[in-house]
Each structure stands twice: as structure tokens, then as C-alpha cells.
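In what follows, a structure is listed as C-alpha cells, so that the remarks can point back to it.
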Amino acid sequence: MITEEKKKPGMYESVQKQFDRAADIMGLDNNIRRILSTTNTEIIVHFPVKMDDGSVEIFTGYRVQHNNALGPYKGGLRYHPEVDINAAKALATWMTWKTSLAGLPYGGGKGGVQLNPKQYSQAELERITRRFTYALGDNIGPEYDIPAPDVNTNAQMMAWIADTYMSTKAPSERSKYMHVVTGKPVGSGGLEGRDRSTGFGVVVTIREWAKLRNISLEGKKYIVQGFGNVGQWASVFMKESGAILVGVQDATGTIYNENGIDPEALITYTAGNNGGVKDFPHAPEVDGSDFFAFDCDIVIPAALGNQITEENAPRIKAQLIAEGANGPTTPEADVILNEKGIDLIPDILCNSGGVIGSYYEWLQNRNGEIWTLEDVIGRLQQKLEISFASVVKVAEEHNTDWRTAAYIQAIKRIELAYKQRGVFP
Ligand SMILES: NC(=O)C1=CN([C@@H]2O[C@H](COP(=O)(O)OP(=O)(O)OC[C@H]3O[C@@H](n4cnc5c(N)ncnc54)[C@H](O)[C@@H]3O)[C@@H](O)[C@H]2O)C=CC1
Ligand SMILES: O=C(O)CCC(=O)C(=O)O
């Protein structure tokens with residue numbers, strides 16, 4: 001099991017350092033720099049929920065809206081004991097860069113509730129989600145701030161959010177509010193393919209990397225940290241590319257098999273009673289304290305932030321780190337990885353397939369359309385290939401790493417919007 005985010009350097013520090021580096025290199029206008037170094041709104045709500053045993057528990061929920069220069073705030077909701085205002089600020093800020101880099105008409109927001117979902121029944125989670133939505137009130141909205149799934153939240157919860165939010169509106173108006181949240185089940189306005197869009201996007205960027213480096217993914221060994229929505233779907237698409245999954249770490253344990261672990265068999269296993277990779281019969285459990293140093297070609301962190309640090313980065317043997325998670329690598333580790341010549345596809349590019357899928361769901365609801373899986377996958381792939389190429393180009397132009405290039409590209413779009421509108425006195 002990996003150590004908790006809270007005990008590590010803050011993710012907000014990391015995202016600000018990454019931003020500062022890009023702002024310095026691109027010579028960002030100082031006023032725009034000040035605006036983008038600050039969040040627009042930070043919402044903390046405390047709300048009571050009745051538990052199954054009749055007692056009442058008070059929960060704390062967060063929604064941070066970082067910037068909306070390009071459009072409504074967009075980003076997920078996380079249910080985790082480590083969710084706090086700083087985590088929400090960092091994750092919201094990453095969303096601003098991610099949506100801008102992807103060329104979407106969105107800004108960045110993120111939030112969640114501080115809780116361990118494993119401690120609650122499904123009925124309690126439903127009441128928590130509905131009460132949280134009610135507490136947020138019109139701080140969210142289909143043209144204002146649009147949540148989506150993140151760690152420990154899923155399509156079912158998004159359906160409860162949509163239902164609760166819509167129920168606060170006049171009956172004749174309700175259907176206009178379906179796009180208040182994305183990542184819903186397909187039967188409730190959700191998009192075919194949103195479930196796999198983040199993991200698929202991770203693999204599209206890995207394929208683009210392989211093309212760029214003239215490498216075949218056939219037989220390449222990779223490890224995944226986090227085997228939830230992102231880790232599972234990334235593994236499914238890596239298998240399609242011929243790559244071999246050799247190690248997986250999640251909240252329950254770490255497994256390794258140099259001859260390969262079948263992603264589909266592992267998904268079936270984790271969906272069962274176990275809920276995690278521990279005791280998977282086809283791969284022995286191993287000591288995961290130096291997980292990232294396992295023998296492999298590609299590392300896909302797809303769990304929490306601040307996992308690749310200055311302590312473990314020197315021992316990484318892989319050629320590529322593809323950041324499925326948000327903020328898995330600290331700025332100090334970035335320096336080490338660059339020195340070692342390890343390629344890194346940054347989170348705001350690598351996992352942007354999720355929010356791009358959400359954008360398609362939002363458009364589908366807003367325009368009264370039904371998109372097919374083929375539409376979604378095809379458009380997603382095309383968009384990600386364009387983003388990847390733009391990051392490589394900017395990196396060459398500025399002679400910098402891909403993370404900084406991705407930031408420069410993202411910030412440029414927002415800078416232009418501010419300059420064109422003339423917000424300065
Ligand atoms: N779901 C989405 O569409 C997107 C998710 N992301 C990011 O991807 C990452 C994973 O998100 P999801 O797959 O959606 O979450 P999830 O809740 O489906 O899965 C999370 C995985 O991380 C593991 N994990 C959680 N705490 C852990 C711990 N203390 N030690 C070891 N493993 C732990 C869990 O066991 C689980 O396998 C997060 O960083 C999230 O912000 C990024 C873009 C979009
Ligand atoms: O789908 C979305 O709107 C956002 C997903 C998300 O939270 C993320 O990209 O980190």
C-alpha cells in the first residue's frame with residue numbers, strides 16, 4: 001500500500017512550482033501570473049447526514065473553482081479521507097491547465113468529501129452524495145461548474161447528483177439541467193465511452209510516445225499503481241497494443257508476475273468480493289515499498305498524488321512514466337527523471353481523455369444528441385494526438401521538458417483570453 005498524500009509535501013506546492021517554472025520560461029505577463037496563481041472561489045460545506053443506525057454524522061465537503069476565463073469550471077469530485085482544501089485547490093488548478101491544453105471551453109474546478117467510502121453502506125453513500133449536492137446548491141450548475149467522477153466516485157454517484165440538482169428546479173425546467181454533471185450512467189444521460197475515456201487517453205498518449213521514439217509497444221513490460229477506473233482501462237488498452245502488465249499496486253497490496261498479468265482476469269477478480277488486487281491467484285503478493293523501481297519499460301501511476309518523489313525517482317528503471325493520476329510526480333522528482341533521461345507524459349496531457357470525454361457528454365446533453373462509442377473513441381483519439389504533438393512542438397521551441405511545455409501551451413490560451421478581453425485597468 002502506498003503512503004498517504006497528507007504526510008508528503010503538499011500537492012498545491014507542486015502545482016504552483018510547475019506553474020512558476022512555465023511562467024518564467026514563457027515570460028508570462030505579471031498581472032496574469034498573479035490571477036492564475038490564485039483560486040477564484042473556495043467553498044467548504046459542512047452537512048449532516050442520517051446514518052443507517054439512526055445517528056447523524058456531519059461531513060465536510062469542498063469545491064474549489066480555480067479559473068473560468070475560458071468557460072465553466074470543470075472537474076471531478078473525490079471521496080477520500082485525505083481530501084482537504086489544499087488538495088482541492090491543487091486538483092482544481094490542474095484542471096484549469098488540463099482543459100486549456102485540451103482546447104476545451106472550460107476552466108478548472110475540483111472538490112470532494114473527506115471520508116473513507118469503505119466505511120459506509122451504499123444507502124449512506126447515496127444520502128451523503130445527495131446532501132453534499134444540496135449543500136453545494138447553485139455553486140454548481142450546467143453552465144457554471146460541472147462536476148464529474150474522480151477517486152472513489154462513480155457513475156451511480158453522478159446520477160444521484162444530477163437527480164438531486166434537477167429536483168431543486170421547477171418541473172418544467174428540469175431536463176435543461178442534465179449536464180450539471182458528467183460521467184453519468186449511459187441510461188441517465190451519460191456518454192458511451194466516458195467510462196474508458198481516461199484510460200484510453202492514457203494509452204493514446206503512450207502510443208504517440210512510442211511512435212515518436214520509434215519503439216514498438218509489443219512485449220513492452222509495464223506496471224500500474226492504482227487499479228480503479230483509470231488503471232483498469234489503461235491496462236485493457238495496453239493489452240490491445242501488445243504490452244505486458246507485470247506489476248500492480250493498489251490500496252490493498254502489490255502483485256508482480258514477470259510473465260504477465262491478464263488485465264481482464266484481474267478486473268473480474270477485483271470486481272468480486274475482494275475489491276482489490278490482494279490475493280489475486282495468478283500473481284504473488286510482493287513487497288511494494290519500492291514499487292516504482294520494479295523492472296519494466298513503462299510506469300503508469302494511476303492512484304494518488306506525490307508518489308514519485310526524490311526518494312524513489314533515482315531507482316526508476318523504466319523509459320517512460322505516463323501520468324494517469326493527477327500530480328503523481330513531485331517537482332524534485334521531475335528534476336531527477338529529466339537528468340536520467342526518462343520520458344514523462346504529464347498528467348494534464350496524459351489523463352486529459354477523461355475531461356475530453358466529459359465535454360462530449362456535456363455537448364450530447366446540451367444538444368439533445370446521442371453519440372456512439374465509435375464517435376467518442378475516434379474524436380478522443382484525434383484530439384489527444386493533436387495535444388501530444390503540440391506539447392512536443394512547444395518543448396522543442398522552448399528547449400524544455402514536456403510538463404513545462406504542456407503548461408506553456410495551456411497558459412498561452414488563457415493569457416490570450418485575458419489580453420483580448422482587456423481585464424486590466
Ligand atoms: N476517473 C477519471 O476520469 C479521472 C481520474 N484521474 C486521476 O486518476 C487517478 C485515479 O482515479 P480513478 O481511477 O478514477 O480512481 P478510482 O477510485 O477508480 O481508483 C483509485 C485506485 O487507486 C488506489 N488507491 C487509492 N488509495 C490508495 C492508497 N492509499 N494506496 C494505494 N492505492 C490506492 C485504489 O485502490 C484504486 O485502485 C486519480 O489521481 C484521479 O484524480 C484523472 C483524470 C480523470
Ligand atoms: O471529467 C471531468 O470533468 C474531470 C475529470 C477529472 O477530475 C480529472 O481530469 O482530473
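Numbering of ligands and ligand atoms starts at 1, following listing order. Quick note: numbers below take in every heavy atom, side chains included, and nothing from hydrogens, waters or symmetry partners.
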Check: Would you say Ser358 has any N or O atom under 3.5 Å from an N or O of ligand 2, going by distance alone?
Finding: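 Checking ligand 2 against Ser358, an N or O pair does fall under 3.5 Å apart.
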Checklist line | N/O separation below 3.5 Å, Ile146 to ligand 2 | finding: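 Min N/O separation from ligand 2 is not below 3.5 Å for Ile146.
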Margin query: Checking contacts here: is it the side chain or the backbone of Arg194 that comes within 4.0 Å of ligand 1, counting heavy atoms only? Could be both or neither.
Written below: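 Near ligand 1, Arg194 shows its side chain, while the N, CA, C and O stay back.
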Checklist line | Modelled atom types, side-chain donor and acceptor of Gln364 and Trp362, under 3.5 Å | finding: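 No, because no side-chain N or O of Gln364 sits under 3.5 Å from a partner of the opposite role on Trp362.
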Notebook entry, point to check: At a 4.0 Å cut-off, with the gap strictly under it, does some heavy atom of Gly276 reach an atom of ligand 1?
Noted result: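 So Gly276 does not count as touching ligand 1.
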Checklist line | Close approach, Arg78 and ligand 1, non-hydrogen under 4.0 angstrom | finding: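 The answer is yes, since Arg78 has a heavy atom less than 4.0 Å from ligand 1.
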Notebook entry, point to check: For Gln122, which residues count as a side chain to side chain donor-acceptor pair (under 3.5 Å) partner, sequence neighbours excluded?
Noted result: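 None.
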Checklist line | Sequence-distant partners of Glu311, side chain to side chain donor-acceptor pair (under 3.5 Å), two or more places apart | finding: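 Once residues adjacent in sequence are excluded, the partners of Glu311 under the side chain to side chain donor-acceptor pair (under 3.5 Å) criterion are Thr309.
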Item checked: Region of Glu361 that comes within reach of ligand 2 [heavy atoms, distance under 4.0 Å] ->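 Neither; nothing of Glu361 gets under 4.0 Å from ligand 2.
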Item checked: For ligand 2, the portion of Asp150 having any non-hydrogen atom under 4.0 Å away ->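 Answer for Asp150: side chain.
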Notebook entry, point to check: Can you find an N or O of Asn152 that's nearer than 3.5 Å to an N or O of ligand 1?
Noted result: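 Checking ligand 1 against Asn152, an N or O pair does fall under 3.5 Å apart.
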Margin query: Checking ring pair (Phe, Tyr, Trp, His ring centres under 6.0 Å) between His66 and each of Phe19, Tyr73, Trp97, which is the one that passes?
Written below: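 Only one option passes, and that is Trp97.
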